[in-house]
Amino acid sequence: MTKRWKSIGLAAMLAGLTLSASYAEAAGVLTIGRREDSTTFDPIKTAQNIDNWVFSNVYDVLIRVDKTGTKLEPGLAESWTISDDGLTYTLTIRDTKFSDGSPLTAEDAAYSLLRIRDDPASLWSDSYKVIETAVATDAHTLTIKLRNPSAPFLSTLALPNASVISKKGMESLGADAYGEKPIASGAFVIDEWRRGDRVILKKNPNFWEADRVKLDGVEWISVPDDNTRMLNVQAGELDAAIFVPFSRVEELKKDPNLNVDIDASTREDHLLINHAHGALGKKEVRQALDLAIDKKAIVDTVTFGQGTVANSYVPKGALYYYADNLQRPYDPAKAKQMLAAAGASDLTLNYVVRAGDEVDEQTAVLVQQQLQKAGITANLQKVDPSQEWDMLVAGDYDISVNYWTNDILDPDQKTTFVLGHDSNNNYLTNYKNEAVKELVAKARLELDPKKREEMYVDLQKMAKDDVNWIDLYYSPYINVSRKNIENFHQNPLGRFFLEDTVKN
């Protein structure tokens, strides 16, 4: 999902300036620079990419999304069947072990699903309320009964936050200790977590695909400053780094020692609008804002052409994306007329900006200038990353740029969070439309693919008409690695297949 981050603090900033000697100096250990440190390794307690992208290689899921990001494939469940009425799913759990050598059984799988459904700390419970029962009928057979048929259910089993954890380990260690140093079901196990600095992973010899894993270990190192992180890779102090700034892509491509990997993604950047704040609650005002923003100029200036203008909350290339969805033209004069007609002339907005983020700050300046041409004053409030997310959650903003990457193949998850009146106020916007909410629920139950597609096309049209938020652009994942690193890629949902990465 995600998709902002908590503060990484002074320790992480210092770590980014000088990379200390570590286990990573050993051969076969991949070092990856990233902006932020992890927040937890308890999968049900986070919805942030900084966590999911790391523990996707620490845990395994029942069903996986393949490298293309377009289809499901076996994970810990080597096969499955679905009853004719669509209510009973029977999964065969493969014969494997956790990192501590204990057997991984259907009971662990059932426990994991019921925990994400029922635990008060779960951020994902709504997506799993459809489960009526999850029972281990024997050590290798998991039987799940649903309350009603659910088109996206198989996809939700592939969510990283639904990873299989050890029931015995969780009950004996407790959630806090398990979230610090879990018992792994995936390719790597956490050897050490140095808060604010790095997460050190070592190969899990008990992983069911251990022969596939070429690396001895991985270190995820926090280097908050984008340029410092790029310099670290260029100097050979890091093997790889993620979140390459758009402005550095062409320069890094010219370095003969580097590979710049540009992978298809489901990332969509958008301008959040707080519908609960005054005139922003009027659809006509939000439509005027949409007309007042030149998305193509943002793509050209901020993404250096790496992005493409977005026309839907569903990312381009994703399931049921509607390519012909409305894309309002840039028309500040018409926007100004609409604002006057809506009684919102001389509109003044509080625009919360993530300080220190090159792309956020550039976008904010451009949007501010564009809105001014429509008579809208946007006061930029630059805030520390530690403040920004909490302000958005609290609704202490009028507009702010954010982004989302899909976590599952099916559009239900994002649609529910963004349009379906869920507990996070429709992903921070306070958007409400009862007809949309009803259609979101119906689309989840519709099993005919053609009918479902029609529903999601309608939802994309309705969201655009209402301007739940302003779609800005789609962009790829851009990462950089040294030439001696092979197979360092993400699939469109963001998962790194470090099982296949090689360090020569």
Side-chain angles (χ1 to χ4, degrees), residues 19 22-35 49-50 52-61 64-71 73 75 160 184 186-191 198-205 207-223 226 229-245 248-267 306 405 475-504:
L19 297 180
S22 68
Y23 161 67
E25 292 179 352
V29 176
L30 181 73
T31 55
I32 308 171
R34 57 175 178 164
R35 287 190 187 125
N49 287 342
I50 56 168
N52 285 25
W53 289 358
V54 176
F55 67 55
S56 287
N57 286 108
V58 172
Y59 295 115
D60 204 355
V61 284
R64 297 174 176 173
V65 178
D66 76 337
K67 288 185 178 181
T68 69
T70 61
K71 62 182 180 181
E73 62 184 16
F188 297 91
V189 62
I190 296 174
D191 183 59
R198 69 193 65 204
V199 173
I200 301 174
L201 307 180
K202 287 189 176 180
K203 180 178 176 178
N204 175 13
F207 179 48
W208 66 275
E209 288 186 302
D211 291 343
R212 173 180 171 184
V213 182
K214 306 299 188 295
L215 294 170
D216 297 318
V218 180
E219 287 197 15
W220 288 90
I221 301 173
S222 300
V223 185
D226 288 343
R229 198 166 60 254
M230 298 306 108
L231 289 171
N232 289 154
V233 180
Q234 288 180 295
E237 296 173 10
L238 287 170
D239 295 318
I242 64 176
F243 291 116
V244 174
R248 298 293 302 277
V249 172
E250 293 307 315
E251 171 202 342
L252 294 172
K253 280 183 176 180
K254 295 175 183 176
D255 190 323
N257 298 310
L258 302 179
N259 293 312
V260 177
D261 299 306
I262 300 179
D263 295 327
S265 84
T266 53
R267 175 166 174 157
Q306 293 290 341
T405 60
S475 63
Y477 298 122
I478 308 176
N479 304 311
V480 63
S481 59
R482 303 285 298 177
K483 283 288 187 183
N484 63 319
I485 306 302
E486 298 178 15
N487 301 326
F488 181 66
H489 295 286
Q490 290 175 278
N491 75 2
L493 303 191
R495 189 186 190 281
F496 287 92
F497 286 79
L498 299 181
E499 307 98 320
D500 300 322
T501 302
V502 177
K503 181 177 180 178
N504 295 313

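Excluded from the calculations below are hydrogen atoms, water molecules and symmetry mates; all remaining heavy atoms, backbone and side chain alike, are included. No experiment lies behind these values; they were computed from the predicted model shown.
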Q | Rounded distance (nearest 0.5 Å) linking atom CZ of Arg198 with atom OG of Ser222 | A | 9.0 Å

Q. Which heavy atom in Ala184 sits nearest to a heavy atom in Asn204, and how many Å separate them?
A. O-ND2, 4.0 Å

Q | Rounded distance [0.5 Å steps], CG in Asp226 versus CZ in Arg248 | A | 9.0 Å

**Q.** Single hit among Arg229, Met230, Arg482 for side chain to side chain contact (heavy atoms under 4.5 Å, CB included) with Leu238
**A.** Arg229

Q.
How close do Phe488 and Thr501 get, counting heavy atoms only, and between which atoms?
A. CA-OG1, 4.1 Å

Q: For Ala241 and Val233, work out which heavy atoms get closest and say how close.
A: CB-CG2, 3.5 Å

(Q) Can a donor-acceptor pair be found, under 3.5 Å and without considering hydrogens, that links the side chain of Arg495 to the backbone of Ser56? (A) yes

Q) Within the distance-only criterion (no hydrogens, no angle test), does the side chain of Asn257 pair as donor or acceptor with the backbone N or O of Gln234 below 3.5 angstrom? A) no

Q.
Under 3.5 Å, is there a donor on one side chain and an acceptor on the other for Lys483 and Asn259?
A. yes

Q: Taking the six-membered ring for Trp and the full ring for Phe, Tyr or His, determine whether the centres of Trp220 and Phe496 are under 6.0 Å apart.
A: yes

Q. Does CG in Asp211 sit with more than 12 non-hydrogen atoms of other residues, nucleotides or ligands closer than 6.0 Å?
A. no

Q) Which atoms form the tightest heavy-atom contact between Val213 and Lys203, and what is the distance? A) O-NZ, 3.1 Å

Q) Do you know the tightest heavy-atom contact between Pro160 and Val61? A) CA-CG1, 4.1 Å

Q) Does the side chain to side chain contact (heavy atoms under 4.5 Å, CB included) test come out yes or no for Gln306 and Ser475, once each step is laid out? A) CA-CA 6 Å; Gln306 293 290 341; Ser475 63; 5.7 Å; no

Q | Any donor-acceptor N/O pair, Thr31 side chain to Glu219 backbone, under 3.5 Å | A | no

Q: Could you walk me through whether Thr405 and Gln490 pass the side chain to side chain contact (heavy atoms under 4.5 Å, CB included) test, one step at a time?
A: CA-CA 12 Å; Thr405 60; Gln490 290 175 278; over 6 Å; no

Q: Please work out which of the three classes, parallel, tilted or perpendicular, describes the rings of Tyr477 and Trp53, given edges at 30° and 60°.
A: perpendicular

(Q) Walk me through whether Ser481 and Asp261 qualify under side chain to side chain contact (heavy atoms under 4.5 Å, CB included). (A) CA-CA 8 Å; Ser481 59; Asp261 299 306; 3.6 Å; yes

Q) Which distance, rounded to the nearest 0.5 Å, do you find between the CG of Asp60 and the CZ of Phe55? A) 12.5 Å

Q.
Donor-acceptor pair, distance only, cut-off 3.5 Å: does the side chain of Asn57 make one with the backbone of Ala187?
A. no

**Q.** Atom pair CG (Asp191) and NZ (Lys202), whose distance is rounded to the nearest 0.5 Å
**A.** 4.0 Å

Q) So, for Leu498 and Leu215, which heavy atoms are closest and what is the spacing to 0.1 Å? A) O-CD1, 3.9 Å

**Q.** Gap between atom CG of Leu252 and atom CG of Asn479 - 0.5 Å precision
**A.** 11.5 Å

Q.
Is the shortest side-chain heavy-atom distance between Pro476 and Ile478 below 4.5 Å?
A. yes

Q.
Distance check, rounded to the nearest 0.5 Å: Lys503 atom NZ versus Glu486 atom CD?
A. 13.0 Å

Q. Who passes salt bridge (Lys or Arg N to Asp or Glu O under 4.0 Å) against Lys253, sequence neighbours left out?
A. Glu250

Q. Can you name the salt bridge (Lys or Arg N to Asp or Glu O under 4.0 Å) partners of Asp500, sequence neighbours left out?
A. Lys67, Arg212

Q: Show your working on side chain to side chain contact (heavy atoms under 4.5 Å, CB included) between Asp66 and Asn491 and close with a plain yes or no.
A: CA-CA 8 Å; Asp66 76 337; Asn491 75 2; 5.8 Å; no

